[in-house]
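Just follow the structure's listing: the first ligand is 1, and inside any ligand the first atom is 1.
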Amino acid sequence: MEVVIAPAQELAVLAAEAIEALLRRRPQAVLGLATGSSPSQVYDELARRHAEGGLSFARARGFMLDEYVGLAADHPERYRNVIAADIAERVDWPADQVQGPDGLASDLSAACAAYERAIADAGGVDLQLLGIGTDGHIAFNEPGSSLASRTRIKTLTTQTRVDNARFFDGDVEQVPTHCLTQGLGTIMEARHLVLLATGRHKAEAVHQLVEGPVSALWPATVMQFHPHATVLVDEAAASRLQLASYYRQTYDSKPAWQGL
Ligand code: F6R
């Protein structure tokens, strides 16, 4: 696992560079998309590179990590709408090439199975962007999730609903209680995992992710088994890392051409 400690804007540039390098090499690449605060500067940087540098998403495919269950189709916090506003509509990405699990399906289990098939039919995810919850979730795999889980319905923890209330006028009652989420087993099949975390409130989750014992109690720890995982953190999110100086030394001595 590679850990990079840098200011948030630099982290966003690094992640955007990795995505741009992938799309230039493989225009039909499959990108895994996270929602929330963590990737927003990455999406800003990608939109800038599209506008100023001709970076194209026209042939790419996108798969979202998760979706709330039951939010109305036009609800601004429905993740499909968030991803459209944050990235897809800011670049040349055809709407039908970006998909998420269907949180409005009448048969949610069938929708999850269909989503797994769609990812497999696309050839799997090349690069998966991730954030991390303060409780250690990735996507919405809350503590206790099977490390081998696939796309399924999950109950959100009270902690996650409180954390996400900021997107719902600060009212936790408006935050849905359930979601559909890619499983940890699904996420682990992506060829490159790029996780972003900023802020002191993420420090314990980042410490567990990188240095803790692998455990369903901190679901993100499953990433320790991934052969190509990159963890991008600012100083505050890195503040509990025991080996921070070693990660800095390793990254500082890496050849610039190597990328993430
Ligand atoms: C969202 C998702 C979640 C978030 C996590 C952190 O698609 O998968 O795991 O990445 O809850 O959220 P932020 O970035 O808003 O702190």
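- The side-chain contact (heavy atoms from CB on, under 4.5 Å) with L129 is formed by just one residue from the set L31, L232, I19; it is I19.
- The aromatic rings of Y79 and F140 lie parallel to each other, with less than 30° between the two planes, well short of the 60° mark.
- Heavy-atom distances between E67 and ligand 1 stay at or above 4.0 Å for every pair.
- The ligand atoms of ligand 1 that sit less than 4.0 angstrom from a heavy atom of K202 are 6 (C), 13 (P), 16 (O).
- Atoms of ligand 1 found under 4.0 Å from any heavy atom of G131 (numbered from 1 in listed order, with element): 10 (O).
- At under 3.5 Å, not a single nitrogen or oxygen of L65, backbone or side chain, sits near a nitrogen or oxygen of ligand 1.
- Across K154, H137, E142, a single residue satisfies side-chain contact (heavy atoms from CB on, under 4.5 Å) together with T181, and that is K154.
- At the top of the distance list for atom 14 (O) of ligand 1, counting protein heavy atoms only, stands S38 OG, 2.5 Å.
- Protein heavy atom at the shortest distance from atom 3 (C) of ligand 1 is A139 O, 3.5 Å.
- Listed by atom number, the atoms of ligand 1 under 4.0 Å from T35 heavy atoms are 1 (C), 7 (O), 10 (O).
- Per-residue contacts place D66 under 4.0 angstrom from the following atoms of ligand 1 (heavy atoms of the residue considered): 1 (C), 2 (C), 7 (O), 8 (O).
- Residues satisfying the ring-ring contact (aromatic ring centres under 6.0 Å, His included) criterion with H228, sequence neighbours excluded, are H192.
- Looking at E235 and R248, a side-chain N of the basic residue comes within less than 4.0 Å of a carboxylate O on the acidic one, giving a salt bridge.
- At a 4.0 Å heavy-atom cut-off, ligand 1 does not touch E142 at all.
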Please set out all donor-acceptor pairs under 3.5 angstrom arising from side-chain atoms of residues 32-42, sequence neighbours excluded.
{"unit_1": "S37", "atom_1": "OG", "unit_2": "R166", "atom_2": "NH2", "d": "2.7"}
{"unit_1": "S40", "atom_1": "OG", "unit_2": "S37", "atom_2": "O", "d": "3.1"}
{"unit_1": "Q41", "atom_1": "NE2", "unit_2": "Q9", "atom_2": "OE1", "d": "3.0"}

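- Only backbone heavy atoms of I132 (N, CA, C or O) come within less than 4.0 Å of ligand 1; its side chain stays farther off.
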Take N81 and E77 through the side-chain hydrogen bond (donor to acceptor under 3.5 Å, both in side chains) test and state the conclusion after the steps. CA-CA 7 Å; N81 300 331; E77 291 308 324; over 6 Å; no

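- When side chains are defined from C-beta on, L241 counts as touching E211, because their heavy atoms get closer than 4.5 Å.
- For the atom pair CG (L260) and CG (L193), the distance works out to 12.5 Å, reported to the nearest 0.5 Å.
- Close contacts between ligand 1 and G36 involve ligand atoms 14 (O), 15 (O) [criterion: under 4.0 Å to a heavy atom].
- Residue H137 places at least one N or O, backbone or side chain, under 3.5 Å from an N or O of ligand 1.
- The shortest N or O to N or O distance between N164 and ligand 1 is not below 3.5 Å.
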